[in-house]
Every structure is written in C-alpha cells, then in structure tokens.
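Below is one structure, written out as structure tokens; the observations come after it.
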Amino acid sequence: MQPPRICIVCTDVSRNAYGRAYVLARVLSRDYQVKVIGAQFGNGVWPPMAGLLEKCGIEVRAVPARGYPFFLAAARRLWREMAADLVYALKPRPTSYGLGLLYRRVQHVPLILDIDDWELGGFRDLDRRRFWRAMLTNPTGPNHYIWLRMLYRQTAAADAITVSSRFLQQQFGGVIVPHGRDTDEMDPAQVDTTAARGELGADKRIVMFLGTPRPHKGIEDLIAAVASLQRPDVVCAVVGVDAGDPYGAALSQMAGKQVRLLPMQPFHRLPAYLAAADVVVIPQRQTAFAQAQMPAKLYDAMALARPIVATAVSDIPQTLEGCGLVVPPGNVEQLSAAIGYLLDNPVEARRLGEAARAKCVREYSWDALQRTLQPLVESLLCRR
C-alpha cells in the first residue's frame, strides 16, 4: 500500500525559503510520499541546496515564474503538479498559501500553513519613505505587500498551522516546528576542517557568522565587537555574503585585515566551515521582523557542537539555555566580552558546545521533528 502523498508548496524555490522546504521534506519523507513544488523567480533552485532533495529520492518540481499577469500561467502549471492527499504551504503568500487555499477548496484535501517569518514585521521596520518605495517597487510582483496583507488575514482558513517561534505561535496559533537539523550528518566527529581553516587562517582564532547577511542580523555589531578585542590573532569570518546584493556590497566596504568575507557555500561544505570556528556568533538585532524569526544557522552551530554567542532576540535565550552565551541585542561591548571569554576559556567553550549538540540531538533533530509532525499529519488525514 502506497503511503499518503504530501505536496509541499514553496513560495520561491530559488531563494532561501527553499531551506525550510528541505527540512520539512526530509522529515516527512520518513513516513510519507513527499513532493516539493514551487515557483522559480530566479535562476534555478537555491544554490546551496540544489539537488539535495533529489539525492534523497524526493521529487522536486520548479516552475519558472514572473510577476502578474504572467504568473497565472505558472500557477496553472503548479496546480497540475499538486496532486496529493495533503498540501503543506510554506509562508502566507499567493505563490504558496494562495494556491493551497484554492486547491483545498476544489479538491477537499487538508491544508497546513507554515509560518517561519513575520514578513509584515519587516515592513513595520521601514520608515515612511522606504515603506512607500517598497510599495511602488515591482507592483506586479505576486508577493507584493497588498497580497501578503490579504493572506495574513486568512491564516485561520488553514486546517492546521506550524510556526518556528513562540512569537509566531502567539500571533497565529499552531504547533511550533523548529528549524531542525540532521544531527547524524552534521556530526563534528566526522568533519575535516583542514581546508576551511587553511582558507580562513590556520594560525588564527576564528569568530564566525554563517548565513545570509541582512541588516537585522547585526553583522556590523559583530565586526565592531571583534575589532574592539584588539587581538591580531583573531579573525572575523562572515560566510554567505552576496557581493551583488546592496547590503553585501556595503559589508565589503567594512572589511579590514581582521574581516574575511566569503560567498554563499554549498550546503555540504557548511559543516567544515562551522566546525572550523572557535566561536559562532548570532548577533540578531531587536527589530519587528527579528523578534519573530529563529535563525536556522543557530541549529547548525548547535549540531556541530560549536561554542555560541547570541543576542536575546526571539526564542534564542530559551534555545541556548545552559549551552551558550546570550547578551543584549545591539550591545557591542557585551558581545565583545562574551566572545573574548570563550576564546580565553577553551574548556568552558568546549563544555557549552557539547551541551549545545546534546540539546540539538534531543530537541531539534530529524527524530524530534518527526515526533511533532507525524501526529499532526495523521490527525488531518484521518479527519479527511
């Protein structure tokens, strides 16, 4: 007997939203027949994870797309790919949840909505001038603010909701499904860091941020904190910089002798870079958008037993309780002091890293996520 079919609808497979689709697909494929579909607004699937799901035997269908009215043609193609017993739409956007709502109404299949960001919060962070610039930019885009706002008001129409943080749970209800990691694949005992350390500085102490740099992620605070240590043996490595992005270009102007900016890396290379770090830093700033977001790379660092310094934003303090150092957001002095403490106390740093990995295995591994998702999916399939 064939297992039930689940179709995960990604809002844009060419961007980092595909990372959440990857996690959910890997976990759900343990019990179900999973297919990932999504509009492709860029050139191919998101480069760090391109081809990874297919290697695991999970079907992926990316449909090239543009703004309205051309998106309607892509929507018809996506509709034909959605044959499933349950639809899992990622983000309340027209290109995912909008399609899911229509499919649910016609085919009468259960619909789960996943909310891992508060995108309307990002607009709240803008001043009036930048807000109206965003409103007038790409008005034909299928995920324009107007359509986002409309679908955020329709979240209760889903049969179930999953979220990635307590803030989102308070706003929309649902079940918390964190950004889990395959702790068997991300095992520090199996990672060779020789090449990564050679690239970053074999004779240096490495303080690292790894992820997609954005203004709310506090990269400037990290660079300033490392500079204030006044230690020539310490390098600040920022991995994941897109030089073609305006913010990435601005970071390039800040880079000095102690700062190494590396481009986005394939997913299979991330463990080597992270495991090469003496300290991993997650310096989120306190913004409307950040208070709802949980950085996915926090769980990577935990899985690889890295000593972590992070800021008290969203659920980070609870996640790192007993296994990392947490400082107030935007406080460069305390951020610098915490980094220096871990560099100067390797025994304590090692203890915190090992505790972080143990917690990741216990609460954020594929097994842990399966224990949350499987009962939810079964309850909806049985109801149908």
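- A donor-acceptor contact shorter than 3.5 Å is absent between the side chain of D221 and the backbone of V332.
- Counting only residues at least two apart or on different chains, no ring pair (Phe, Tyr, Trp, His ring centres under 6.0 Å) pair has a member in residues 182-213.
- The minimum heavy-atom distance linking S96 with K91 is given by the pair OG-O, 2.8 Å.
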Cut-off 3.5 Å, no hydrogens considered: what does the side-chain donor-acceptor table look like for residues 55-68, sequence neighbours left out?
unit_1	atom_1	unit_2	atom_2	d
E59	OE2	R61	NH2	3.1

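- Sorted by first then second residue, the salt bridge (Lys or Arg N to Asp or Glu O under 4.0 Å) pairs that include residues 358-367, not counting sequence neighbours, are R30-D367.
- Judged purely by atom type and a 3.5 angstrom limit, T311 uses its side chain to pair as donor or acceptor with the backbone of Q284.
- Pairs engaging residues 314-341 under the salt bridge (Lys or Arg N to Asp or Glu O under 4.0 Å) rule: R166-D315 [sequence neighbours left out].
- Ionic pairing of D125 and R285 is not present here: no N-O contact between side-chain nitrogen and carboxylate oxygen is shorter than 4.0 angstrom.
- Scanning for side chain to side chain contact (heavy atoms under 4.5 Å, CB included) contacts around P317 gives A312, V326, with sequence neighbours left out.
- For residues 286-323, the ring pair (Phe, Tyr, Trp, His ring centres under 6.0 Å) pairs, not counting sequence neighbours, are H216-F289, Y299-Y364.
- For D242, there are no side-chain hydrogen bond (donor to acceptor under 3.5 Å, both in side chains) partners at least two apart in sequence or on another chain.
- Using a 3.5 Å distance cut-off with no hydrogens or angles, the side chains of T155 and Y97 do not pair a donor with an acceptor.
- With hydrogens and angles left out, the side-chain atoms of T95 and N143 include a donor and acceptor closer than 3.5 Å.
- I206 pairs with exactly one of V279, D278, T193 by the side-chain contact (heavy atoms from CB on, under 4.5 Å) rule, that one being D278.
- Under a 3.5 Å cut-off, the side chain of R197 and the backbone N or O of A276 do form a donor-acceptor pair.
- With sequence neighbours left out, the side chain to side chain contact (heavy atoms under 4.5 Å, CB included) criterion links A292 to W118, F167, L168.
- For the ring pair (Phe, Tyr, Trp, His ring centres under 6.0 Å) condition, the pairs that include at least one residue of residues 11-34, sequence neighbours left out, are Y22-F267.
- Atoms CG and NZ, from L304 and K297 in turn, are 11.5 Å apart once rounded to the nearest 0.5 Å.
- Taking 4.5 Å as the limit, every side-chain heavy atom of R5 sits out of range of all side-chain heavy atoms of K35.
- Residue pairs meeting the ring pair (Phe, Tyr, Trp, His ring centres under 6.0 Å) criterion with at least one member in residues 318-343: none, sequence neighbours excluded.
- Side-chain atoms of R357 come within 3.5 Å of backbone N or O of T183 as a donor-acceptor pair.
- Not counting sequence neighbours, the partners of R93 by the salt bridge (Lys or Arg N to Asp or Glu O under 4.0 Å) test are E119.
- Residues satisfying the side chain to side chain contact (heavy atoms under 4.5 Å, CB included) test with D182, not counting sequence neighbours, are R26, D184, E185, W366.
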